[in-house]
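This structure is a prediction, so every number in the text was calculated from the model and none was measured.
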Amino acid sequence: MKQSVLFVIMNIILLRQYARHTDRRKRTAFVSLGFIIFHLIHSLFSSAPLLIASELLASAGKGNPKYAAAEGAALIIFYNLFIPHENQENSDIANAINVTRDQMGQVSAALHRLEDPAGHRKSERKGVVFYNLIGNEAALPPDKMSDLCHQLHPRLDCQRIEHYRNATESVTLTSLHDFCHSDLATGMNRTRVSYLHSKGSFHDHEKQAPWRRQLTNASLHPGCLYPPDDTCDVCGAQYYLLFASVFPGNMWTAKCSYIRKLLKPEEGGEYIRRREAAVKQDLILQSEGIIENNLGHHQDVFYGLDRYQWEHWVGGHPSLIPCEMHSPNIGFWDMVSGKVAGRHYDWGMGPRRMFIFDTPGESKRYSIKNDESNFRQHYFLAGNIIKWLNLYDAIPTQDSWVWKHFPAGNMWKEVVMKHGKKALHELIQRSKPKFQPPFASNHSATVGSPTKIFDEESLSQAKPPIVVFYHISFPPGGDNKKAEAVLRDQFDVLSMGQYDNVPNSRSKSITILLDRKVLLYYSIAGGSAQEKELVSQLCKDRSSNIICRQLGIYDSDFVSGETLSQLHSFCNVKPSSHVVYIANQFAGPDDKSKYDVTKIKAATSAVMSKMCQPSEETCNVCGTEFYPLPFLQFTGNMFSASCGYVKNLLPPKKFEKEMYDVAGDAFIGRLRKQFTSQLFELTPRILGVKQYSVEHWIGAHPDLKPCDVAPMSTEKIDGTIKDQMKHYSWSLAPRRGSSREPAKLAGEKESDFRLKREAAFREYFYLAGNVFRWHRFYDKVPDADSWVWKWFPDAKSWETAASSGAEAVNAIATELSSESGMDTFWVK
């Protein structure tokens with residue numbers, strides 16, 4: 001009996017002490033003390049089985065959760081506290097402690113209001129502040145913080161969760177999220193939690209203190225803590241929809257039942273990954289003209305990137321029902337300037353305002369008159385639907401406030417009610433997109449009978465034919481006479497096989513010596529039955545020099561990547577061979593240059609010449625002209641390549657997906673100011689998005705050794721094939737700068753830009769973008785003797801960093817960014 005009484009007393013004491021202390025070291029000390037006391041008792045009363053005490057200690061852990069102090073509290077607050085490190089100015093540290101004292105004073109006042117709402121004490125209420133301390137632990141140890149809170153209010157309990165040397169608001173938002181998922185929160189009816197942070201302790205300026213006080217007062221106002229009829233999910237000072245669904249300043253009170261719907265807000269977690277995916281998709285759709293942004297505001301803060309992402313977190317779910325405390329007659333700048341008085345508190349359901357920087361009453365100027373533009377506007381429903389689908393794979397319900405509040409809301413509601421989660425796809429399709437993936441699986445396709453790519457009989461000859469992969473396309477409804485004319489001329493060139501162009505010194509004429517026949521693998525995209533029959537007839541007419549093998553027939557002319565896929569497969573099996581790739585059109589949106597007979601004929605004859613045959617030692621890819629800008633490319637995307645190089649490239653289909661993702665990173669990187677893009681616009685073609693990935697594929701590997709054969713003279717190559725051949729002159733590349741397509745950059749402008757080191761070093765079209773992609777695709781950079789370290793500006797710095805891996809690249813970029821005031825470049 002004595003033993004039982006002692007056990008009960010011991011555990012009551014320990015459990016009470018354990019519940020009071022969230023500091024891990026103190027909790028550990030109490031547990032250790034418990035074991036000591038237990039063993040003393042056990043030595044006095046040896047009949048007590050050891051198992052009973054172990055069970056009691058185990059149950060103590062379950063009965064005292066991390067946030068046990070929240071039980072019965074009228075105020076449950078999660079507080080993100082930053083105090084500058086020891087090496088900072090003493091005034092900065094003192095300021096942070098004053099901020100904390102001031103804010104805890106507001107918390108105490110809010111608790112008093114709950115206790116004494118009508119001027120006379122009705123009840124004793126308690127409050128608890130769970131906080132994470134970031135930075136200087138010695139400046140405000142847990143006992144000092146606890147004493148401060150008790151001095152301000154005897155029933156205000158401040159408990160530290162963790163200490164971090166360096167962290168962001170995510171650690172405390174994650175703690176709040178964890179609490180709302182705990183048994184304690186799910187068991188407490190209508191639990192609401194408040195989130196505050198020590199605004200002004202990190203960046204101290206004159207507007208921080210009044211803004212912080214307004215945010216804290218509003219979040220702890222009875223209207224936010226206990227809104228009428230428990231109507232809203234999240235309440236703060238002011239709620240806005242433009243630039244995003246946010247409570248500016250990021251202090252609020254929220255239902256735990258709503259918080260449980262949100263993704264966990266941890267650094268490097270799913271929320272960040274999905275949020276960035278949404279931003280990437282949005283920016284790419286903007287570049288394609290499907291989403292519009294006529295309102296401007298292209299900064300990282302508006303897209304919720306990096307430190308701003310936590311301000312976007314709480315308002316990010318499509319089911320959000322917001323409310324706010326400030327009157328709609330009070331604007332953002334009134335709040336920041338501290339011009340809000342008691343009479344300006346007017347609780348109401350949100351949204352009651354539109355753009356964060358509006359003067360009250362001016363929001364309507366952001367509504368574009370054109371309904372179609374409103375429908376596609378990034379800052380209206382189009383951009384929000386992209387976010388909701390990426391983050392939560394959900395859209396608002398039919399009775400949601402969003403359909404009434406946003407311009408073109410009824411149009412979107414109709415689409416959403418009809419197509420559900422496929423509403424965004426419907427938007428893309430109704431835009432008649434010009435940009436589509438170039439593979440058969442993305443289009444209606446009729447694939448021809450399977451062809452043996454590896455024609456062993458032909459390839460095993462004493463002098464095997466040159467292997468050519470030929471992509472033939474016919475645009476729907478276009479002037480296919482041009483396409484047919486190009487086709488006939490290219491077959492004329494192919495019928496010569498691989499040739500030597502030998503000049504006669506006396507007559508200055510060109511003698512064509514047939515060196516090898518052609519094994520031609522071709523695909524046809526688009527076109528009529530007659531046009532497809534034309535290809536077959538051309539093969540028959542030239543069968544003495546061309547062995548034709550049909551690969552596939554595709555209904556859509558967008559299918560431009562399948563021939564490259566077959567070429568890649570061939571090289572994986574025949575790595576010692578070399579292959580030629582040609583097409584009957586130049587890439588690009590301009591139909592006038594697409595079927596330029598003279599240029600296409602010249603490019604075809606160039607890559608078919610023996611002069612352009614690659615070798616592993618000096619040149620592994622040859623074309624008419626090689627250009628390093630705006631991306632590594634050969635004129636017309638026609639080339640002769642070593643299979644030893646080609647086999648190391650990503651499969652074209654995988655490459656297209658990777659390029660799409662990298663294009664999103666390019667847009668995000670520009671928002672973050674991680675690199676510049678001053679030489680060219682970030683367009684789908686320049687970034688290699690979708691069908692344009694085929695132009696980027698052959699030059700994308702860091703082992704590229706390019707050469708070309710076109711003369712440096714600007715004289716137009718015209719006339720017969722023999723006339724063109726007179727001008728060919730082989731050379732290692734690059735010997736040119738910017739291509740004429742898709743965007744010509746004047747040499748003088750490019751030369752001047754190279755001198756601006758802080759910009760040129762981080763220019764996406766120089767080594768910044770190339771190193772990023774090489775690391776992403778192939779986890780390597782060019783060898784020390786590569787041409788890239790001689791041609792691009794700041795090559796020595798990049799070579800040193802890039803050869804040491806991604807971390808070194810970030811390190812050198814960080815050093816430069818401290819000079820230029822930019823954020824850090826990064827490599828994933």
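When every heavy atom of Cys707 is checked against every heavy atom of Phe634, the shortest pair comes out as O-CE2, 3.6 Å. Between Ile668 and Glu276, the closest heavy-atom pair is CD1-O, 3.8 Å.
Contact check for Val559 versus Asp557: no side-chain heavy atoms found under the 4.5 Å cut-off. Annotation: side chain of Phe772 is not in contact with side chain of Leu767 (no heavy-atom distance under 4.5 Å). Using a 4.5 Å heavy-atom cutoff, the side chains of Ile600 and Asp489 are not in contact. Between Tyr660 and Pro437, the closest side-chain pair of non-hydrogen atoms is not below 4.5 Å. Counting heavy atoms from C-beta outward, Ser560 and Ser473 have side chains that stay 4.5 Å or more apart. His701 is not listed as a side-chain neighbour of Phe777, based on a closest heavy-atom distance of 4.5 Å or more.
The ring of Tyr522 has its center no closer than 6.0 angstrom to the ring center of His471. Not less than 6.0 angstrom separates the ring centroid of Tyr766 from the ring centroid of Trp798. If you look at Phe765 and Phe680, their ring centroids are closer than 6.0 Å. Taking the six-membered ring for Trp and the full ring otherwise, the centers of Trp787 and Phe626 sit less than 6.0 Å from each other.
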query = Are Thr635 and Thr624 close enough, and set up right, to give a side chain to side chain donor-acceptor pair (under 3.5 Å), and what steps lead you there?
reply = CA-CA 6 Å; Thr635 298; Thr624 311; 5.6 Å; no

ask   = Would Gln633 and Tyr627 count as a side chain to side chain donor-acceptor pair (under 3.5 Å) if you check the C-alpha gap in whole Å, the side-chain angles of each, and the deciding distance to 0.1 Å?
value = CA-CA 5 Å; Gln633 60 176 302; Tyr627 294 99; over 6 Å; no

message = Between Glu763 and Thr676, is the side chain to side chain donor-acceptor pair (under 3.5 Å) condition met? List the steps.
response = CA-CA 5 Å; Glu763 177 65 18; Thr676 63; 2.5 Å; yes

message = For Phe469 and Tyr521: C-alpha separation, side-chain torsions, deciding distance, then whether ring-ring contact (aromatic ring centres under 6.0 Å, His included) applies.
response = CA-CA 5 Å; Phe469 284 81; Tyr521 294 108; 5.1 Å; yes

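In this structure, Lys690 pairs ionically with Glu288, as a charged nitrogen and a carboxylate oxygen lie closer than 4.0 Å. Taking a cutoff of 4.0 Å between a charged side-chain nitrogen and a carboxylate oxygen, Lys601 and Asp492 do not qualify as a salt bridge. One finds no salt bridge joining Glu531 and Arg488 here, because no Lys/Arg side-chain nitrogen approaches an Asp/Glu carboxylate oxygen to under 4.0 Å. Remark: Arg754 engages Glu750 in a salt bridge, criterion side-chain N to carboxylate O under 4.0 Å.
When the side chain to side chain contact (heavy atoms under 4.5 Å, CB included) test is applied to Pro614, the partners found at least two apart in sequence or on another chain are His578, Ser640, Ser642. Qualifying side chain to side chain contact (heavy atoms under 4.5 Å, CB included) partners for Ala641, counting only residues two or more places apart in sequence or in other chains: Val621, Phe639, Val646, Ile698.
Arg542 CZ to Met496 CE: the interatomic distance, rounded to the nearest 0.5 Å, is 11.5 Å. Here CE of Met659 is found 10.0 Å from CD of Glu695. Values are rounded to the nearest 0.5 Å. The structure places OG of Ser797 at 15.0 Å from CZ of Phe792, a figure rounded to the nearest 0.5 Å. Put simply, CG on Asp661 and NZ on Lys280 are 3.5 Å apart, with the number rounded to the nearest 0.5 Å. A distance of 10.5 Å separates CD1 of Ile290 from NZ of Lys434, quoted to the nearest 0.5 Å. One finds the OG atom of Ser569 at 10.0 Å from the CG atom of Leu551 (value rounded to the nearest 0.5 Å).
The 12-atom threshold is exceeded at NZ of Lys780, counting heavy atoms of other residues, nucleotides or ligands nearer than 6.0 Å. Other residues, nucleotides and ligands place no more than 12 heavy atoms under 6.0 Å from the NZ atom of Lys654.
Arg773 forms a cation-pi arrangement with Tyr764, by the criterion of a distance under 6.0 Å to the ring centre and an angle within 45° of the ring axis. Cation-pi check for Arg685 over Phe435 is not met; the charged atom does not lie both under 6.0 angstrom from the ring centroid and within 45 degrees of its normal.
Identified under the disulfide (SG to SG under 2.5 Å) test for residues 631-683, with sequence neighbours left out: Cys571-Cys643.
Between Cys622 and Cys612 the SG-SG gap is short of 2.5 angstrom.
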